[in-house]
Structure formats: structure tokens, C-alpha cells
Amino acid sequence: MMVPRSKPRVGVSACLLGRPVRYDGRSRPHGWIMENLATMAELIPLCPETGAGLPTPRPPVELVAVDDTVRALGVADRRLDVTGTIEGWCARQDQRLETLNAVILKSRSPSCGAGSTPLHDPAGRERGTAWGLFAWHLRRCHPHLPLFEES
């Protein structure tokens with residue numbers, strides 16, 4: 001007797017699943033993920049920012065190169081630094097992340113961008129691209145986990 005195979009578990013940025021978790025209180029629903037992938041996989045919503053307790057809406061942040069580190073700092077007020085808050089959430093997700101078969105993240109996000117996130121200098125000038133804080137955590141701590149952006 002064959003045992004039915006369970007669907008693969010795919011972590012997905014919650015905003016791509018239509019959840020209003022973005023800094024502006026909106027979402028970025030992705031039709032193919034919600035309509036097609038949902039029939040083939042169990043979709044697990046992930047949002048590092050709201051998961052870490054940041055409110056919605058919230059002041060926007062961007063990745064900023066500060067000395068030899070990358071920080072998630074406020075766009076309007078550089079004193080707003082959510083780096084530690086998001087990194088703490090990432091570390092607490094490791095056991096949950098081990099149950100996933102893949103992850104799809106929101107491109108260009110300071111949390112989720114997988115190499116596509118604008119990187120700024122402290123004065124706000126764009127200087128290149130970087131990995132968002134959560135995407136970097138996945139890359140560093142879960143290198144076996146297939147990681148994609150919705151784009």
C-alpha cells in the first residue's frame with residue numbers, strides 16, 4: 001500500500017500571499033504563487049519585520065553600509081535601526097526553517113531581497129545591491145535550502 005506523499009512546504013514572503021504586512025500597510029500578491037503553487041505546495045507565510053514585532057504600517061527602512069556591516073536603517077531618520085530586531089527573529093526561526101523544502105522571497109526588500117536590495121551609503125546614495133537581512137541569514141545558516149525571489 002502506497003502512503004500518499006505530503007506536499008512540499010514552501011516558505012513565502014507573506015506580502016506575496018496577499019497579507020498586508022509591508023511597511024506601507026499593503027501587500028504585493030503574486031498571482032502564480034497564490035493560484036498555481038498553492039495547489040502543489042503547502043505555503044508557509046514568512047515576514048521577518050512583522051514577525052519580529054514591527055508595526056504595520058511602519059517607517060520605511062533601507063539597507064545602509066556602515067563601516068564593515070550592513071544595517072537596516074530608517075529612510076527618514078537614520079537613528080531608526082531595526083537590524084538587531086530582524087536578526088533576532090531570524091535566529092529564532094531556525095528550527096521552523098529546517099521543515100521547509102524551499103523559500104520564495106520578495107525581491108528588493110531590506111529583509112527578503114536575495115541580492116537585489118538597493119544598498120545605500122549613510123547619506124542615502126545608492127551604492128549597489130545586497131542581500132536582505134533574512135535572505136542573508138538563509139544563505140548563511142541554511143545553504144541547502146533552495147531560495148528564490150518572486151521576480
Side-chain angles (χ1 to χ4, degrees), residues 9-39 41-142 145-151:
R9 293 173 45 90
V10 178
V12 180
S13 289
C15 62
L16 299 174
L17 296 174
R19 306 250 173 116
V21 295
R22 289 173 47 87
Y23 75 94
D24 57 5
R26 295 181 173 184
S27 65
R28 291 288 172 122
H30 191 281
W32 185 86
I33 292 171
M34 293 174 60
E35 296 165 20
N36 296 317
L37 186 58
T39 66
E42 179 185 357
L43 304 182
I44 310 300
L46 301 168
C47 181
E49 295 171 20
T50 59
L54 298 177
T56 301
R58 59 188 167 273
V61 298
E62 61 189 8
L63 294 184
V64 179
V66 179
D67 299 322
D68 291 332
T69 65
V70 173
R71 312 289 302 174
L73 304 180
V75 173
D77 182 357
R78 288 288 193 238
R79 293 174 296 178
L80 173 62
D81 185 344
V82 298
T83 310
T85 301
I86 294 171
E87 288 177 340
W89 178 87
C90 292
R92 292 188 302 274
Q93 302 309 303
D94 283 335
Q95 187 173 0
R96 180 175 162 197
L97 295 171
E98 287 296 328
T99 70
L100 301 178
N101 300 100
V103 178
I104 301 173
L105 299 176
K106 177 69 185 96
S107 62
R108 300 180 54 83
S109 161
S111 297
C112 295
S116 64
T117 305
L119 179 65
H120 298 84
D121 66 18
R125 294 180 296 262
E126 194 170 321
R127 296 299 185 192
T129 58
W131 285 70
L133 300 178
F134 180 47
W136 178 249
H137 178 82
L138 288 169
R139 182 179 185 197
R140 188 179 73 247
C141 297
H142 303 274
L145 193 58
L147 174 61
F148 306 94
E149 290 185 320
E150 93 292 355
S151 60

Hey, is [atom1] on [X] packed in by over 12 heavy atoms from elsewhere, all under 6.0 Å?
{"X": "D24", "atom1": "CG", "value": "yes"}
{"X": "R28", "atom1": "CZ", "value": "no"}
{"X": "R127", "atom1": "CZ", "value": "yes"}

For [X] and [Y], which heavy atoms make the closest approach, and how far apart are they?
{"X": "F148", "Y": "A102", "answer": "CE1-CB, 4.4 Å"}
{"X": "G113", "Y": "S116", "answer": "CA-OG, 4.0 Å"}
{"X": "L133", "Y": "V70", "answer": "CD2-O, 4.3 Å"}
{"X": "A38", "Y": "M34", "answer": "CB-O, 3.2 Å"}

Spacing of [atom1] belonging to [X] relative to [atom2] belonging to [Y], to within rounding of 0.5 Å:
{"X": "C15", "Y": "H30", "atom1": "SG", "atom2": "NE2", "answer": "10.5 Å"}
{"X": "R78", "Y": "H120", "atom1": "CZ", "atom2": "NE2", "answer": "7.5 Å"}
{"X": "L37", "Y": "I104", "atom1": "CG", "atom2": "CD1", "answer": "5.0 Å"}
{"X": "R79", "Y": "L73", "atom1": "CZ", "atom2": "CG", "answer": "12.0 Å"}
{"X": "L100", "Y": "L43", "atom1": "CG", "atom2": "CG", "answer": "11.0 Å"}
{"X": "R71", "Y": "L80", "atom1": "CZ", "atom2": "CG", "answer": "11.5 Å"}

So [Y] and [X], do their side chains get closer than 4.5 Å, heavy atoms only?
{"X": "V10", "Y": "I33", "value": "no"}
{"X": "T69", "Y": "T83", "value": "no"}
{"X": "T129", "Y": "L119", "value": "no"}
{"X": "T117", "Y": "W131", "value": "no"}

Sidechain-backbone polar pair: [X] side chain, [Y] backbone, donor-acceptor under 3.5 Å:
{"X": "T56", "Y": "G25", "value": "no"}
{"X": "S111", "Y": "G132", "value": "no"}
{"X": "N101", "Y": "R9", "value": "yes"}
{"X": "E126", "Y": "P118", "value": "no"}

task: Go through the side-chain N and O atoms of H137 and E87 and say whether any donor and acceptor fall under 3.5 Å apart.
output: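 Note: H137 and E87 side chains miss the donor-acceptor criterion.
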task: State whether a side-chain donor-acceptor pair under 3.5 Å links E150 with S13.
output: no
message: Using side-chain contact (heavy atoms from CB on, under 4.5 Å), reason through F134 and L97 one step at a time and then give a plain yes or no.
response: CA-CA 11 Å; F134 180 47; L97 295 171; 4.0 Å; yes
task: Could you tell me whether R108 and E62 have a side-chain N and a carboxylate O separated by less than 4.0 Å?
output: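 Here R108 does not pair with E62 in a salt bridge, since their nearest N and O are not under 4.0 Å apart.
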- request: Take L63 and W136, measure what side-chain contact (heavy atoms from CB on, under 4.5 Å) needs, and give me the verdict at the end.
  value: CA-CA 12 Å; L63 294 184; W136 178 249; over 6 Å; no
task: Please step through side-chain contact (heavy atoms from CB on, under 4.5 Å) for the pair R19 and C47, ending with a clear verdict.
output: CA-CA 9 Å; R19 306 250 173 116; C47 181; over 6 Å; no
task: Applying side-chain contact (heavy atoms from CB on, under 4.5 Å), run through R96 and L46 and close with a yes or a no.
output: CA-CA 11 Å; R96 180 175 162 197; L46 301 168; 3.3 Å; yes
